[in-house]
Each structure stands twice: as C-alpha cells, then as structure tokens.
Amino acid sequence: MWKMSLFWLILALSAHSVFGVCYFPVEYQGIFATQSSISSISGGSVHQYSQVTILPDAIPVWGVCHKKFDNNVILRDPTGGEDCFRCFHVSLHSGNVIQVYTEGLNKCYSSEEAVLQTCPTIHDIKTKRAREIMLYKSRSFTQDGLIDRVFCPINGRYRFTYDVNDGTESTVECPEPSSELSNCPKGSQLQLRFRRCSFGELDMGLRCLGDWEGHDGQKYLALWDPEVTTDHQPRYRCAMYSVEETTGRVFLSFSIDATCTNHLHSPWDGYESMVLTPVTPPTPPAVVQTTACAFPEWAHGSWQHLQIESNELWLQDAGSDKKYRTLCLSQHAPHGERYALYSQTQCGEEEFTCIWIKKRAVNVIEYQMASYPSDKYNVSRICSDDMFRGQEWITQGRLDPENHAGCPITGEYTGVIPDAKELCARLASDCRDPQHMFYTVSSCFNSTEVYEERDYRCLGQWSEGGVMYTFTHRRDVNIYECFAGVVVSSNEIYIIEAGTSCQRGLQPLAYGMKLVRQATCSEIEARESTPPPPPPSSSIPPWWPQTTKNPWIKKASTTTETPTWNNEIPRAAPSSSSRTTTTTSFRWLMTTTTLLLLLLSSP
Ligand SMILES: *[C@@H]1O[C@H](CO)[C@@H](O)[C@H](O)[C@H]1NC(C)=O
Ligand SMILES: *[C@@H]1O[C@H](CO)[C@@H](O)[C@H](O)[C@H]1NC(C)=O
C-alpha cells in the first residue's frame, strides 16, 4: 500500500514542481484552528475560529511554500492572477501549537526582494509590531487524526484564588483558596473546581496543548477546552505563568481569547488571574526514611522525560500520562544497574517499583521500569528478573548534552530511498562540527529539488548484536530519533529508522537504505580549497576543514581508516512488531500520504 502512495507521490511531485517550492516538515502539518474574530456583545463576547491547513508544501489561502530560511517562510499566493508574496515568522512550540508572526495577511508583495524586507524580526515581535496568529492543531494527518498529548507544565495539586479583570467590578470572584486545580488523573489535562465563588460553583477540564518561553522571557501555556460548543466562550486559551521557587506558588493569568496578547500582560496581570498554592503531597511511609541509595553520577541531570539528582528521580511517563517523583531505596544486580524506588504520582498515588538504567553514551541512557509495581517494599522481589521480562528499553537523550558525541559518519554519503527509487538521499557530516549531520531527500533526477531537509545533532552511539545504534536530536523540530545501522566497509553502510526509542530486531542489511560514501572530509576540503574548479552538477554546500577529531573514528572496530558509518534515514517499518516506535517509523509514509492529499485537493 505504501509503495503505491509513493508511486503517486513521485508522479505528483514531478507534475507539481514547476515553481520554486519548499516543504514543511511533517511535524508542522495538520489542520489547525485559529481565532478569526472576537466581538463584544451585551453580556459577553463572541469567539469565532477559522480553519488553517498546513500541507506539505502550502498553507492554502495564505500561499504556496516558496522559500524557507531561519524561522521564516515566504509563501507565494498565486490566486489573484499575479504572484503575491508574504513573509511569516513561524515557531513550532509543541506538536499542537504554532505561533506565527507576519506583517498582516491583507498585504502582499509582488517580488521576493520586496517581501524579504517585511519578515518580522525579533524586535518587531517583542515590540508587538508584527501581528501574532496562534494556530492550535485540531487534527493531525496521522491515521487516527489525534493531536499530540502534551504534559502540563503545572504539575500536582493546588488550591487557588481567582479574579476576573474585565473592568466592570473590583471584587475578587473566588477570594478564598477553596477552589482546586490539578492535573489529575491525567497529566496532560488541568481539572479546575471553582468553589465558594461569587458565581457559585463550576467544574472545568482544560487540555494542555503546549508550553514555551516567549521572546519576552515569560513562560506561556496554551490550553483547549473540549467542552465549549458555543461561540460565547473561548475554545482555546493562552496563559502566562510563573512559579515562585521558594513556595512553589504558581501565578497564572489568561488572555481574554485564543491570542497570547489580548488583555494578557504578565503572569500577575491578565483578563483572568489565579494564584495557585500547592497542596502538600502525602508523607512517604517510614521505610523510605530509613533506607537510601544514590543514583550514579553519570545519570545525573535532565533527560527528555527523566530528571535525576542524587537520590531522587522524576519520570514523566507518556504511556500512563503521569509524572512520578521517586526516591531511590536500594541498588540491585545486574551490575548494580537496577534501583528499587518509592514512587508518588503528581496525584499522590504511591507505589514501590524498580528502574533499570543503562549508560549507552555520555548523552544517552536507556531505562526499563518493573512491570508489576507493588504497594509493599519487598527488597528481594522488587528488582528481580521477573519484573523486567518482556519490557523494552526506552531511550533518553540529555537535554543539555556535553560536547562528547560525534556523528558516526564523516564525509558525504548518498543512497536511494528503498521502495522509492526516484528519491535520493544524501547524508553528510558537518566537517567543521562532527556532532552534526545533514540529511536531505531530493529528486534523483534534479538534486536542486529538495523535498526534505533535516539537521541532526548526534548524541551518541553504541553497538549491540552487530548493529550500531545512533541516537540523535533534530533541532529544527525538537524531536529525538534513533537509527540502526550496519557498517559494511568504510565506504558502505546500511541504515534504518529505529523510532524514538531504539527499536531492537530491525535488520538494516535487509530493510535499510544503502549509503555509499562520495567524499571524505579531506576530499571535501580539497574540493573546497582548490580555486574555483568548474562546479560539479550537484549542489554542494560549503564545507570546511575538519578541525576536531571525531571520537567515533577510533571505535570503528577493525575496519581500517577513519570515519565510520553512521545513521539515519527514513523508511517505512517492515512488518516487525514495533511497539513504541510507530510514529517515527511511519514518518516518511506520513509525508507521502499528506503529499497525496495535497495533490488530490489542489488542481
Ligand atoms: C518477598 O518476595 C519473596 C520472593 O517473591 C517471597 O518469598 C517473600 O515471602 C516476600 N516477603 C514478604 C515479606 O512478602
Ligand atoms: C531542477 O529543478 C529546478 C527547481 O525546481 C528547476 O528550476 C530546474 O530547471 C530543474 N533542472 C532540470 C535539469 O530539470
């Protein structure tokens, strides 16, 4: 089935690519709601939304993707007869929230040169001279169409006071801290129970869509109220918040609507404001006071979903939609890699469990959790092998990586996407900075037609059962991906996408993409330094001499020379039993489906 869609994709692309086009990464694509108007009526306001679709190569009505650079994208709107260009500053804050700044949708320019002058600068954004457009995802292009689940940054149980600041009165609506807010039972949803308020009682649930730090240095949070069905209440809300370090109090203020600007000035000053006071969590049982152990130093720090300090470990678990605060109780075999834990969720639920942590590289760890947590601490049972039977490794990258890892390839490699012989891939290390790799997919017939560009930071790699796993961070979309690879020789490697956690059992040699080295870094350097040779047909970005030693080189087992091999590339997952990895494995497939969709929907 997916071969078919690729076939159509190729056909489609070749028919389509007459103009200069660019493509949005799959993470940006989807159907979004945006506020189209808010108007006051007697006794309230009317909130109206319109739909904005981000297709692989266009945002219909706004224009076709013409050029991307930094955070900007220039869209070309051909609808008025003559081409008209607009520039947008686009920030992806989470899988569900995109913040766009532009000079205004009602203006456009007839040339690329003219529109370039209008791309909003950070200064324009800070001084509110650029118009903000918030896009909230309502449907993704995945099979189930669901939006991402995003953990709320406000975590735990609180009591709150509440004040509406609509200029009509000066009373505080809920003056006593008798109202309750928590992200219980779901970590991705805020439950609010207004009690003893001037308007009586009210319960509501808000889903967290994403949080980010704004250009003004403030923390923002986007929320969706799935219960709202009328125009008289906002469906989407933007808030600013601030956590007071010493007391844990949270100051939270909302804008009046779906923008992050209307009547929202600070965490203390908005259309609605709350002060949240944390509720003290249950005291751990006595056994926790009397036993102790410490996590190893190499594990300390912040990881994607883990935070580890001396004897304390925080774990945010997407599967259960819970955040656990745990304390280390005892250390266990094998090799002292398992740690018995007392754990408490953000809602105060307690249990005893065990975590198994493996160091894979300085910036990469993997862990498994015991399958049967218990309400008793049985030191001889809690970390036994039984507890880990059938569990799979979850891979985690360090959020603030040390400058250790290099990428396992150096130089430039090319290959053909399996099942899509018309698409060519190019993987190249950054010869100046061996921690980075660039990956592009382009037409095999015309390398200037680039469909996809990715920028990877390699966090680390390790070898297991003859397969090399490389864990990477994609800075352009802030996601983590693993690749499994086999090095045949210094000139030939096979790689396959292995998901967000490194999936085992994939067979790169059988199902991966073959990449062949076209140039080493020193050849690229020579190519660059020899005075202007007639440029070869392919488009080669500037290369610089490799000044840093690649730490991976030495480890390349017996295969002579230098560089090694490396990682990366998209493929549909073969019919292996993937569990947690489906999202990445199918990313490439998703792109093709959406491209198809685009084709069918546009003439
Ligand atoms: C602890 O677990 C072991 C092994 O399963 C069992 O034999 C023992 O009875 C348990 N101890 C307690 C106090 O439950
Ligand atoms: C390759 O694609 C570019 C941009 O799409 C186009 O301008 C150029 O004419 C194409 N070259 C060939 C040889 O088809």
Side-chain angles (χ1 to χ4, degrees), residues 5-26 56-58 64-70 73-74 76 112 407 409-432 436-456 474 476-477 483 491-495 497 512-530 532-544 563 565-571 587-588 591-592 594-595 598-599:
S5 32
L6 266 173
F7 170 76
W8 287 109
L9 160 75
I10 308 305
L11 252 183
L13 287 173
S14 38
H16 202 74
S17 49
V18 231
F19 335 95
V21 282
C22 52
Y23 293 88
F24 295 110
V26 89
D57 72 342
V64 176
C65 189
H66 177 75
K67 190 178 238 175
K68 284 191 303 180
F69 57 97
D70 305 328
V73 57
I74 292 177
R76 184 177 51 83
E112 196 182 312
C407 290
I409 61 150
T410 55
E412 181 191 5
Y413 287 72
T414 59
V416 176
I417 307 263
D419 297 353
K421 304 296 178 210
E422 297 80 1
L423 296 180
C424 282
R426 175 179 172 279
L427 182 66
S429 66
D430 183 341
C431 290
R432 292 169 304 165
H436 289 112
M437 295 189 306
F438 303 106
Y439 170 71
T440 52
V441 177
S442 58
S443 159
C444 296
F445 310 115
N446 185 345
S447 62
T448 59
E449 250 167 52
V450 176
Y451 304 129
E452 177 149 41
E453 286 175 283
R454 300 181 188 175
D455 172 355
Y456 289 102
R474 258 181 83 186
D476 51 340
V477 287
F483 296 93
N491 285 323
E492 187 178 319
I493 65 174
Y494 285 77
I495 58 170
E497 276 190 320
M513 178 168 62
K514 177 178 164 179
L515 288 169
V516 176
R517 183 155 73 187
Q518 303 299 328
T520 61
C521 273
S522 43
E523 283 164 0
I524 293 166
E525 183 189 343
R527 199 156 72 190
E528 286 299 304
S529 57
T530 38
S537 56
S538 66
S539 60
I540 299 150
W543 294 106
W544 288 266
W565 67 293
N566 161 20
N567 88 21
E568 134 82 36
I569 223 318
R571 245 196 68 90
R587 180 155 297 138
W588 179 236
T591 317
T592 66
T594 49
L595 277 161
L598 150 75
L599 267 237

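If you're wondering where the values come from, they're calculated on a predicted model, not measured in any experiment.
Considering only heavy atoms from C-beta on, Val450 comes within 4.5 Å of Ser442 through its side chain. With a 4.5 Å cut-off on side-chain heavy atoms, Glu452 and Tyr23 do not count as touching. For the pair Val416/Leu423, no side-chain contact is recorded, criterion being any heavy-atom separation below 4.5 Å from C-beta on. Inter-residue side-chain proximity for Val73 and Phe24 is flagged as met; some heavy-atom pair is nearer than 4.5 Å. Contact annotation: the side chain of Phe438 never approaches that of Leu427 to less than 4.5 Å [non-hydrogen atoms, C-beta and beyond]. Side-chain contact check for Asp57 versus Tyr451: every heavy-atom pair is 4.5 Å or farther apart.
A salt bridge links Arg527 with Glu412; the closest basic N to acidic carboxylate O contact falls under 4.0 Å. Contact check on Arg454 versus Glu497 returns a salt bridge, with a Lys/Arg side-chain nitrogen under 4.0 Å from an Asp/Glu carboxylate oxygen. Note on Arg517 versus Glu492: no salt bridge recorded, every NZ/NE/NH1/NH2 to OD/OE distance being 4.0 Å or above.
Counting all heavy atoms, side chain and backbone alike, Met437 lies closest to Cys407 at CG-SG, 3.0 Å. Taking every heavy atom of both residues into account, Cys444 and Lys421 meet most closely at SG-O, 3.4 Å. In terms of heavy atoms, Cys521 sits closest to Gly411 at SG-N, 3.6 Å. For the pair Ala425 and Met513, the tightest heavy-atom approach, listed with the atom from each and the gap, is CB-CE, 3.6 Å. Between Ala519 and Ile524, the shortest heavy-atom contact is CB-CG1, 3.7 Å. Across all their heavy atoms, Glu453 and Arg474 have their closest contact at O-NH2, 4.4 Å.
Here the CG-CG distance, from Asp430 to Asp455, works out to 8.5 Å after rounding to the nearest 0.5 Å. Note that the SG atom of Cys431 and the CD atom of Glu523 stand 10.5 Å from one another [nearest 0.5 Å]. Atom CD of Glu422 is separated from atom CZ of Phe445 by 5.5 Å, given to the nearest 0.5 angstrom. Between the NZ atom in Lys514 and the OG1 atom in Thr414 there is a gap of 10.5 Å [rounded to 0.5 Å].
Side chains of Thr520 and Ser522: a donor-acceptor N/O pair is present below 3.5 angstrom, by distance only.
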Run the numbers on Val21 and Cys65 for side chain to side chain contact (heavy atoms under 4.5 Å, CB included), then give the verdict. CA-CA 6 Å; Val21 282; Cys65 189; 5.8 Å; no
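Ser443 places no side-chain N or O within donor-acceptor distance of the main-chain N or O of Glu449, the cut-off being under 3.5 Å.
Taking the six-membered ring for Trp and thresholds of 30 and 60 degrees, Tyr456 and Phe483 have ring planes more than 60 degrees apart, a perpendicular arrangement.
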